[in-house]
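Sequence lines set the chain letters: A, B, ... in the order given, protein chains first and strands last, and positions in each chain run from 1.
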2 protein chains.
Amino acid sequence: MISLEDLAALARPAQTKIVLLVLDGVGGLPRASDGLTELEAARTPHLDMLVPQATLGLADPIGPGITPGSGPGHLGLFGYDPLAFRIGRGVLEAVGIDLHLSDQDLAARGNFCSVDAEGRITDRRAGRIPTEVCARLCALLEKIRLPGIELTVRPVREHRFVVLFRGPGLEEGLSETDPQEVGKLPLPVRAEAPQAARAAEVANQFVAAAQKALASEHPANMVLLRGFSKYPKIPKLTDLYGVRAAVIAVYPMYRGLARLVGMESVKAGDSVADEFAALEAAFDRFDFFFMHIKKTDSYGEDGNFENKVHVIEEVDRELPRLLRLRPDVLLITGDHSTPAAFKAHSWHPVPVLLSSKWCRPDRAGRFSERECRTGGLGHIRSAELMPLAMAYAERLTKFGA
Amino acid sequence: MISLEDLAALARPAQTKIVLLVLDGVGGLPRASDGLTELEAARTPHLDMLVPQATLGLADPIGPGITPGSGPGHLGLFGYDPLAFRIGRGVLEAVGIDLHLSDQDLAARGNFCSVDAEGRITDRRAGRIPTEVCARLCALLEKIRLPGIELTVRPVREHRFVVLFRGPGLEEGLSETDPQEVGKLPLPVRAEAPQAARAAEVANQFVAAAQKALASEHPANMVLLRGFSKYPKIPKLTDLYGVRAAVIAVYPMYRGLARLVGMESVKAGDSVADEFAALEAAFDRFDFFFMHIKKTDSYGEDGNFENKVHVIEEVDRELPRLLRLRPDVLLITGDHSTPAAFKAHSWHPVPVLLSSKWCRPDRAGRFSERECRTGGLGHIRSAELMPLAMAYAERLTKFGA
């Protein structure tokens with residue numbers, strides 16, 4: 001694959017606009033009754049109308065057989081090799097609750113847990129305390145003072161929280177404190193790289209102070225930390241391609257992932273229609289739009305074939321609003337497959353539709369897994385979609401003379 | 001491609017079973033009479049029955065245009081990049097005659113040759129002496145005593161033999177003794193890497209002793225050695241994926257290649273039916289099975305289209321025995337193509353059929369080169385089949401959160 005440096009060298013200014021419409025987990029599997037996948041079962045007249053002028057294909061987010069999490073799945077769509085750019089769990093959890101990270105922030109994912117009088121873990125999840133209790137305890141922990149460190153402690157859900165350590169010299173490379181077994185003592189944080197020594201010291205100070213602060217609490221009288229990570233150093237889309245990029249997403253994690261690559265978040269309401277309205281409102285101000293539809297994935301994970309079909313149909317109904325804006329390139333795909341039959345993210349390649357006036361039309365009849373297999377994009381890696389989108393938007397000059 | 005380290009980190013335990021059925025050299029080319037390939041000409045009702053529920057594709061063992069030997073071809077199928085993991089000729093020859101190699105063994109491929117009174121080579125193959133003579137001379141050479149070295153010398157066929165030097169400090173990086181030309185003296189073994197100095201010394205001692213031991217023989221009065229190599233350091237399938245893996249193969253080389261990656265050899269008779277019987281007998285004891293059918297390749301090399309077709313049909317007739325065992329994943333493919341028309345291994349991509357309950361069905365009608373081209377696996381590398389098999393067997397967790 002071409003390197004980001006080489007790609008950036010090819011970028012040229014243009015007045016064109018690109019919309020990347022992501023139906024999270026859109027790829028499916030056949031249902032037993034009639035052998036149709038979610039996309040095949042959905043009535044999608046507007047998508048179907050696009051197909052004869054579009055180029056279709058299948059994309060592997062990471063590689064054959066590899067099931068992506070949401071982080072790597074989206075990094076791929078944004079044009080970054082997910083194996084080269086890795087997002088730590090702490091960072092992902094932090095962006096998932098809309099925390100904005102700076103270069104000085106070290107994030108960790110926390111669990112409240114229960115320990116006995118000797119400090120041995122009796123419950124790694126502190127009986128899954130209610131989120132309200134978690135919030136109160138986080139406020140308590142945020143009062144901890146560590147010299148030279150600005151501390152942020154925020155609840156996620158139940159026993160889970162995020163802690164951000166902000167300060168100079170905090171580097172990655174820390175072991176986690178969760179021994180993954182009850183009856184054991186929490187582990188001290190160890191620096192696995194020499195440059196992480198300061199961060200290990202700070203993390204251990206925090207854990208000690210947290211234990212003191214929680215001493216009289218029950219059942220959540222201790223914390224376990226893991227996934228220590230910093231905001232990855234990723235070149236921004238603006239720097240690579242010269243695009244002003246916007247994200248329209250209901251869930252904070254996807255906005256956070258998009259901010260990571262330099263997108264600006266555009267306010268939108270909670271419904272699919274709200275997201276299309278936000279696109280209309282922002283269309284003049286940006287030239288790259290990442291629109292994220294979450295519920296195709298949620299219903300896939302629930303195993304709810306029918307409702308996943310309904311979300312696809314809902315997007316299709318709103319699609320004319322997007323088409324009336326006449327983007328130069330419209331790329332419709334998913335970050336991975338979440339077949340309702342499988343009830344989880346899966347490794348199955350993701351259908352892709354690219355529409356532009358420069359498409360070589362396919363013989364495909366519809367936007368579906370089976371038809372995409374025959375498409376002109378072939379079977380590619382998700383990270384190759386971004387150069388394709390830029391090319392079809394005439395934003396890349398030729399390589400070499 | 002994802003690294004083996006990353007893959008191993010994704011492995012998770014499962015109760016599922018995988019069968020990798022390799023028809024050696026199965027890929028073919030059309031015959032003149034009707035334009036059908038070997039797979040297309042074969043009557044394969046059971047394979048055909050699998051197709052509607054399977055995912056098909058084409059695989060390149062190494063890369064477009066590269067014809068693999070049996071070693072790299074199989075390493076690819078086992079999930080190892082054949083360009084990164086190389087097996088020396090000495091080792092391949094040794095496993096080909098069922099020798100078991102330890103970490104201390106340095107293997108070399110030997111030729112008996114003829115030299116004149118001045119030691120100049122007059123025949124690099126000693127007139128292709130009969131295998132029986134070769135065996136007698138090997139027994140003679142095995143009596144050589146080298147301090148600190150355990151010596152194994154075994155016949156292969158005609159003038160060819162294998163020598164194993166076992167001892168501490170024997171490292172790879174030796175030049176060969178065959179000058180590839182008559183009228184020249186055999187070359188001394190040189191250490192091409194400093195750590196190979198001890199091995200070079202031992203090899204030269206052996207050659208000198210062999211010349212003495214063979215002095216009164218005719219025409220085989222000298223040896224030439226090449227392909228000095230050690231057992232490659234390859235992570236085992238058990239360590240990578242947590243599978244207990246078995247090999248069912250008639251030819252020792254394939255058992256040896258499989259042992260190299262941690263498979264256990266299961267006893268089987270010589271016929272295709274015997275191999276299926278061995279699978280039935282061992283099915284409860286392992287969760288990964290590599291079954292190797294040799295004769296598709298042999299008949300391909302002979303240019304015997306009809307008999308290659310018959311072997312494919314024979315496998316198809318036995319297939320129901322395998323299907324009754326209900327493996328969770330069945331992967332049917334070859335290690336390379338050996339078109340009868342070409343009479344040799346070739347670079348043509350190899351047809352692949354993957355059957356599992358999680359397959360997105362293709363439109364393909366049969367298991368053939370032409371139909372596989374339309375399949376959902378697309379056109380991939382053979383080494384990507386192993387992650388796919390593991391994914392379909394639900395033995396990989398997702399990458400990233």
By a 4.5 Å heavy-atom criterion (distance strictly below it), what part of I2(B) contacts chain A: side chain, backbone, both, or neither?
both
Do you know the tightest heavy-atom contact between I380(B) and P64(A)?
CG2-CG, 4.4 Å
Excluding sequence neighbours, so at least two apart, what forms ring pair (Phe, Tyr, Trp, His ring centres under 6.0 Å) with F305(A)?
none
Can you name the nearest heavy-atom pair linking G400(B) to P72(A), along with the distance?
CA-CG, 3.9 Å
Note: vs chain A, highest number of non-hydrogen pairs under 4.5 angstrom among P361(B), A401(B), G378(B) is A401(B)
Region of L385(B) that comes under 4.5 Å of a non-hydrogen atom in chain A
neither
Proximity breakdown for M1(B) and chain A, heavy-atom pairs closer than 4.5 Å:
backbone
C359(B) to P30(A) - nearest heavy-atom pair and separation:
O-CD, 4.3 Å
Euclidean distance, I62(A) CD1 relative to F399(B) CZ, rounded to 0.5 Å:
5.0 Å
Cut-off 4.5 Å, heavy atoms of chain B, and the answer for A344(A) is neither
Enumerate, including both backbone and side-chain atoms, all donor-acceptor pairs under 3.5 Å from chain A to chain B.
from    : atom 1 : to      : atom 2 : distance (Å)
G28(A)  : O      : R360(B) : NE     : 2.8
G28(A)  : O      : R360(B) : NH2    : 3.3
T67(A)  : O      : F399(B) : N      : 2.7
G69(A)  : N      : F399(B) : O      : 2.7
S70(A)  : N      : A401(B) : O      : 3.0
G71(A)  : N      : A401(B) : O      : 2.9
R86(A)  : NH1    : D6(B)   : OD1    : 3.0
R86(A)  : NH2    : D6(B)   : OD1    : 3.4
R86(A)  : NH2    : D6(B)   : OD2    : 2.5
S337(A) : OG     : R360(B) : NH2    : 3.1
H348(A) : NE2    : W358(B) : O      : 2.7
P349(A) : O      : R360(B) : NH1    : 2.7
P349(A) : O      : R360(B) : NH2    : 3.1
E371(A) : OE2    : R363(B) : NH1    : 3.2
E371(A) : OE2    : R363(B) : NH2    : 2.3
R373(A) : NH1    : P361(B) : O      : 3.1
R373(A) : NH1    : D362(B) : OD1    : 2.7
R381(A) : NH2    : E384(B) : OE2    : 2.9

Testing the basics here: between P349(A) and G376(B), what is the closest heavy-atom pair and its distance to 0.1 Å?
CG-O, 4.3 Å
